Each structure stands twice: as C-alpha cells, then as structure tokens.
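Input: a single structure, listed below in structure tokens.
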Amino acid sequence: RILQVSSKVNSTWYPASSFSSSSVPTVKLFIDGKFVESKSDKWIDIHNPATNEVVGRVPQSTKAEMEAAVAACKRAFPAWADTSILSRQQVLLRYQQLIKENLKEIARLITLEQGKTLADAEGDVFRGLQVVEHACSVTSLMLGETMPSITKDMDLYSYRLPLGVCAGIAPFNFPAMIPLWMFPMAMVCGNTFLMKPSERVPGATMLLAKLLQDSGAPDGTLNIIHGQHEAVNFICDHPDIKAISFVGSNQAGEYIFERGSRNGKRVQANMGAKNHGVVMPDANKENTLNQLVGAAFGAAGQRCMALSTAVLVGEAKKWLPELVERAKNLRVNAGDQPGADLGPLITPQAKERVCNLIDSGAKEGASILLDGRKIKVKGYENGNFVGPTIISNVKPSMTCYKEEIFGPVLVVLETETLDEAIKIVNDNPYGNGTAIFTTNGAIARKYAHMVDVGQVGVNVPIPVPLPMFSFTGSRSSFRGDTNFYGKQGIQFYTQLKTITSQWKEEDATLSSPAVVMPT
Ligand code: NAD
C-alpha cells in the first residue's frame, strides 16, 4: 500500500514522461491535508543542476494561500495538542517506517533537484530519519519536573507544553534532513507546523509531507507554502506563528532572526560556516588525507559542515602533494551516474561565484594547486560542475579565506605550532564545526578545550552530532539560544507551565486571609 502511495506522489510531481513532454510538472501547496495547485501568477523554475533542464515549477504562494495555510495550522492546533502523547508518538513511529520504505524515492528527488550523488542523497534522508526516530522518544523527552512537599501539603510540578503554530524555512543543500530537523520535533510536542522548503528543492519535502499524512498526521497539522522573500516576510510577521526555525545563509538568517524576534517570536537560526581541519604531523597520514578529501569535496562542498579549510601544522605541510593526488582522483559526474563522487553546484550563479572566489585567491597571491574551474563532464556539458580545487599559501586576509565558498574548494593554511592554528580558528567569525587530526590525546584534548567552535571532531572530519545531542554551531554560525533537535530541540518547541498545588486536610483550613508574602 505504501509503495503505491509513493508512486502516486511521484507521478504528481515528476511523472516519468515529464522530461520528454512539453508540460512541466508543478509543485503543489499542502494546505489542510490537501495538495492543491497554487493560483499564483509568479512561478520559479526548478532545474536539474547536472543539465540545467527545467524539471518543475514551484509557485510563489499568494497572500491568500499563505493565510489559508496558517489558518489551517491554527485550527488543527487545539485537537493535536490535546491528542495523547502516545498517539502522537504512534504517528511518528509509523512515519519513520514509511521514510525507510521510501528512502530511495526521496533520494532520487534530491539528486534530481539538488544534484548530489544518489548515495549522498540517501545519507541526507538517513540523517533526517534519525531525528524522526529520536522524536519517537518524546515520552521521555517531554517529561516535566516535580518537587513534592515544598512546604506543608504543597507540591510543585512543571509541564512542557506546545507553543502553537511553528514555522520552518529551509536551505537547498539538505532537502530532506533539514526539514526533518524541524517539523517532526515540533509536531511530536503537539505543535502544528508551517513549512517553507527551499524554492530550489521542494520535491523531497512534498513527498515527506505525503508520507506524514499516510502515517496518520491529521489534516492541518503540517502545511506547506512555497516562495522566497514574500513568504519569509509573511512568516516573520504573522501574529499566529510563535516560533521560527531557520537554516541557511547569514544574509537571510540574520534578517529573519531580527525580524522574527522583533515580532515576539522565538527564532533559532543555523547559518554559514568556515570549518577548519587542523592536521598535526603526528596524525595517521592515510586516514587524515582521506578524511580531508572526503569532507572538503563530498556533496561538492555544499555542506555547512564541509571541512573547507585545512591548517597544516609543522611537518604536515609536506603532505600537500599527496592531498592533491587524492583529490584529483575523485570522479565528478551527474549525481545519478554510477561511481560519481561529487555532482554539480546548485546553479550557474553558484558556479560563477565559486570560480570568482578561486580567481580572487590567485589574484591575492595564493597558489592554485588543483584547479577545477574548467572541468567538462561528458554528456553533461551544461551542468554547473566545478572540479575539486585546492588553494595553498592562503592567508587569513584573503577573500577566499574570509568568505564561505560553498563549493568543492579546499583552502590550505600553514602554521608552525598548534597554538597558531588555534588562534586562526578562533579569530575566524564562524563557529560551526572543526576537526583536529592527531594521534596524541593531550593535543586533541587541548584543541577541544581551547577552540571556540560549537562542534569539534577528533579524527572525525564532519562532527555533526547525532540527534540525542543537539546541533551546536556557535558564534556567527548561529543566532538564538536554543539549538536544533535533541533536548534543546524539545525546549525550543515547548514552553513550561509550573503548577503549585496545595491539598490540605480539612482541619488545616486557613482561619484568616494570608496577606504576607508566603515564605
Ligand atoms: P539561503 O539563505 O539562500 O536560503 C535559505 C532559505 O532562506 C530559503 O528557503 C530561501 O528561500 C530563504 N531566503 C534566501 N534569501 C533570503 C533573503 N534575502 N531574505 C529572506 N529569505 C531568504 O541559503 P541556501 O543557499 O539555501 O543554503 C546555503 C547556506 O545555508 C550556506 O550558508 C550554509 O552554510 C547554510 N547552512 C547552514 C546549516 C547549519 O546547520 N548551520 C545547514 C545547512 C546549510
């Protein structure tokens, strides 16, 4: 039954025939349990980044459609919040099963719209699935606190309660994982949710919504709108939306944090990054070089936790030629082609930006040891491909170091000591992730303690915490005070209500008004 549902969803957005036919499939809105065609006169083309062919069109939702979506969230909230926690948990338990059964289909949509390799797209779904699985522990995660007998006959206890309507705004680079950081956690707590996926990659979110509906989520509990700035402003300003989860660039995140906060909403915003991998000369060379290459170039560098900067300490600088050799061997191809290690960038504009940043490195005195700017991929000559690129002799003042490149480009700095490396990392404004490669426990410990970055890997290149922890990027990589998923995620999507109750035995009834502050 489930697979039938899946193929029906598939034919709604991307029928197999659509690529040869002239009509381009349209992405629907999801309002009050129905997938509906937008009445908008403004549409955005969705391209396959490997070919730049248009594979679909997504609407910029009209004001009336966005209002209808929030109204549906608001209507559905009281009953959903009142649904027993065990029933909400059951929906999520069914959901994790349906995601597993449809994982390949979700991954196919991701590769089609986003470009990453199929294997990597499956990883994208899998890491989101882990959050859904974690959300199934809601019966423990939402426990309140109690303190009996705070004074005679009096007990104190607190509940964690949902906020109401929450909203999510997602980026293009993880079309499944990041929406799954958001609505499953919010909804299992009893909130209803308005999702705005990235306009470049809406397909995975739509299929995920269908699967959630099939899992038993009542109509109106999840609604989906599409669009860009107008949809974002609508979310930031709507009085019925209590909290916003954002993941994306600093430009958008800082704006949304400020506008949403000014309107009295909770906002959590995960943003850009410049992640450093510090390589000590005592590191396991084979392991370290493979880890660096995988983490710098995997997903064409379009990961917020990509290890985009290597800091080679002391003798480790001699490893550069081998690093280049390994990067050269990576296979660049369309994400659905067998053996592809990395696919294209999301848009021609993204490719141009990445190439300009590589140019800036050359102009500002760095050395381009491996140059992916002119790569041609046979059969995909129109794709947005950039091959693995390594820039050495980079200084912190250079543009290619200061900007988040978000492409398959590794910039390399060199230092004589660990202390100098730590200073470089701590002077960088971003604090998303970092890694140290060493076989010396004391060095690893010193690095983990001294470095001012929210997520640290020791011989682990992309230290994204599993969902029983939280995603804890810091400094310019995050705005807000409560992180995504894990215990923090539950805190973000709930508010505390504290009850002080007194049950006296009859003969202890007050004989006169108590006008003095109780102590
Ligand atoms: P983006 O900021 O361009 O888009 C994210 C969302 O914001 C989209 O839904 C988009 O419609 C909307 N948006 C874009 N520009 C806007 C603007 N000026 N005003 C209002 N809304 C706007 O980000 P992207 O290019 O889709 O994603 C890449 C960025 O996301 C990178 O900087 C990457 O580091 C970051 N990212 C961070 C994390 C993290 O957890 N820290 C995870 C993934 C991606």
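Predicted, not measured: the structure shown is a model, and the values here were computed from it. Note that ligands are numbered from 1 as they come in the structure, with each ligand's atoms numbered from 1 the same way.
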ask   = Hey, is ligand 1 close enough to Ser477 that some N/O pair sits below 3.5 Å?
value = no
ask   = Is ligand 1 under 4.0 Å from a heavy atom in the side chain of Asn173, in the backbone, in both, or in neither?
value = side chain
inquiry  = Using every non-hydrogen atom in the two residues, find where Ile405 and Cys400 come nearest and quote the distance to one decimal.
reply    = CD1-O, 3.5 Å
remark   = Checking heavy atoms under 4.0 Å, the part of Tyr430 that sits near ligand 1 is neither
key: Protein non-hydrogen atom below 4.0 angstrom of atom 4 (O) of ligand 1 present   = no
Proximity of Asn432 to ligand 1 by residue part, where a heavy atom lies under 4.0 Å = side chain
inquiry  = I'd like to know whether Asn263 forms a side-chain hydrogen bond (donor to acceptor under 3.5 Å, both in side chains) with Asp237, so could you lay out the CA-CA distance, the side-chain angles of the two residues, the decisive distance to 0.1 Å, and finally the verdict.
reply    = CA-CA 6 Å; Asn263 286 324; Asp237 296 346; 2.9 Å; yes
inquiry  = When you compare ligand 1 with Pro171, is there at least one nitrogen or oxygen pair between them that comes in under 3.5 angstrom?
reply    = no
message = Among Phe478, Phe471, Trp181, exactly one meets ring pair (Phe, Tyr, Trp, His ring centres under 6.0 Å) together with Phe484. Which residue is that?
response = Trp181
inquiry  = Just to confirm my output: which protein heavy-atom neighbour is closest to atom 40 (O) of ligand 1, and how far is it?
reply    = Asn270 ND2, 3.0 Å
request  = Report yes if some N/O of Gln228 lies less than 3.5 Å from some N/O of ligand 1; otherwise report no.
outcome  = no
task = With side-chain hydrogen bond (donor to acceptor under 3.5 Å, both in side chains) as the test, would you mind laying out the steps for Arg303 and Asn173 before giving the verdict?
result = CA-CA 7 Å; Arg303 291 179 180 141; Asn173 65 331; over 6 Å; no
key: Nearest non-hydrogen protein atom, atom 36 (N) of ligand 1   = Cys304 CB, 3.5 Å
query = Does the ring centre of Tyr401 sit less than 6.0 Å away from the ring centre of His276?
reply = yes
task = Give the numbers and elements of all ligand 1 atoms closer than 4.0 Å to a heavy atom of Phe406.
result = 28 (C), 31 (C), 33 (C), 34 (O)
Any donor-acceptor N/O pair, Asn223 side chain to Ala72 backbone, under 3.5 Å = no
request  = For Glu65 and Ser38, run side-chain hydrogen bond (donor to acceptor under 3.5 Å, both in side chains): C-alpha distance rounded to whole Å, both residues' side-chain angles, the deciding distance at 0.1 Å, then the answer.
outcome  = CA-CA 8 Å; Glu65 289 162 350; Ser38 172; 2.9 Å; yes
remark   = Interatomic distance, CG@Asp214 vs CG@Leu98, rounded to 0.5 Å, equals 6.0 Å
request  = Write out the residue and atom name of the closest protein heavy atom to atom 13 (N) of ligand 1, then the distance separating them to 0.1 Å.
outcome  = Ala252 CB, 3.9 Å
Residues Glu258 and Arg262 bridged, charged N to O under 4.0 Å = no
message = Looking only at distances, can you tell me whether any N or O atom of Tyr255, backbone or side chain, sits closer than 3.5 Å to an N or O atom of ligand 1?
response = no
Cation-pi check, Lys210 onto Phe30 ring (under 6.0 Å, within 45° of axis) = no
remark   = A student checking ligand 1 against Trp181 at a 4.0 Å heavy-atom cut-off should list atoms 40 (O)
query = Nearest protein heavy-atom contact for atom 11 (O) of ligand 1: which residue, which atom, what distance?
reply = Glu199 OE1, 2.7 Å
request  = Using a strict cut-off of 4.0 Å, indicate which atoms of ligand 1 neighbour a heavy atom of Ile178.
outcome  = 42 (C), 43 (C)
note = In short, Ser61 meets Met66 closest at the heavy-atom pair CB-CG, 3.7 Å
message = Starting from atom 8 (C) of ligand 1, what is the nearest protein heavy atom, named by residue and atom, and what distance separates them?
response = Ala170 O, 3.2 Å
query = Do the side chains of Leu323 and Leu410 get nearer than 4.5 Å, heavy atoms only?
reply = yes
query = So which protein heavy atom does atom 19 (N) of ligand 1 come closest to, and at what separation?
reply = His229 CD2, 3.5 Å
remark   = Atoms of ligand 1 under 4.0 Å from any heavy atom of Ile169, numbered from 1 in the order shown, are 6 (C), 7 (O), 9 (O)
inquiry  = For Arg303, which part has a heavy atom under 4.0 Å from ligand 1: side chain, backbone, both, or neither?
reply    = neither
note = Note: Arg266 and Gln491 closest approach over all heavy atoms is NH1-O, 3.1 Å
task = Start with the C-alpha gap between Leu208 and Tyr95, add the side-chain angles, then the distance that decides, and say whether side-chain contact (heavy atoms from CB on, under 4.5 Å) holds.
result = CA-CA 9 Å; Leu208 286 167; Tyr95 193 39; 3.4 Å; yes
query = In terms of side-chain geometry, is the basic nitrogen of Arg200 or Glu113 positioned less than 4.0 Å from the acidic oxygen of its partner?
reply = no
request  = Run the numbers for me: atoms of ligand 1, each under 4.0 Å from some heavy atom of Met271, listed by number.
outcome  = 34 (O), 37 (C), 38 (C), 39 (C), 41 (N)
ask   = What are the atoms of ligand 1, with element, lying closer than 4.0 Å to any heavy atom of Arg200?
value = 25 (O)
inquiry  = Using a plain distance cutoff, I'd like to know if Gln251 has any nitrogen or oxygen under 3.5 Å from a nitrogen or oxygen of ligand 1.
reply    = no
query = Is there any N or O on Phe172 that sits under 3.5 Å from an N or O of ligand 1?
reply = yes
Within-cut-off N or O pair, Val232 and ligand 1, under 3.5 Å = no
task = Mind checking whether Phe471 contacts ligand 1 via backbone (N, CA, C, O), side chain (CB onward), both or neither, at a 4.0 Å heavy-atom cut-off?
result = side chain
message = Test your reading of the structure: does Glu404 have an N or O sitting under 3.5 Å from an N or O of ligand 1?
response = yes
inquiry  = Under the criterion side-chain hydrogen bond (donor to acceptor under 3.5 Å, both in side chains), I'd like the reasoning laid out for Thr26 against Glu37: C-alpha separation, chi angles, the key distance, then a yes or no.
reply    = CA-CA 8 Å; Thr26 52; Glu37 185 81 11; 3.0 Å; yes
remark   = of all protein heavy atoms, closest to atom 23 (O) of ligand 1 is Ser249 N, 3.4 Å
query = What's the shortest distance from atom 35 (C) of ligand 1 to any protein heavy atom, and which residue and atom give it?
reply = Gly248 O, 3.1 Å
request  = Have a look at ligand 1 and work out which part of Phe478, if any, has a heavy atom under 4.0 Å from it: side chain, backbone, both or neither.
outcome  = neither
ask   = With atoms numbered from 1 as shown, which atoms in ligand 1 lie under 4.0 angstrom from a non-hydrogen atom of Gly272?
value = 32 (O), 34 (O)
inquiry  = If you compare all heavy atoms of Ile178 against all heavy atoms of Ala170, which two are closest, and at what distance to 0.1 Å?
reply    = CG2-CB, 4.3 Å
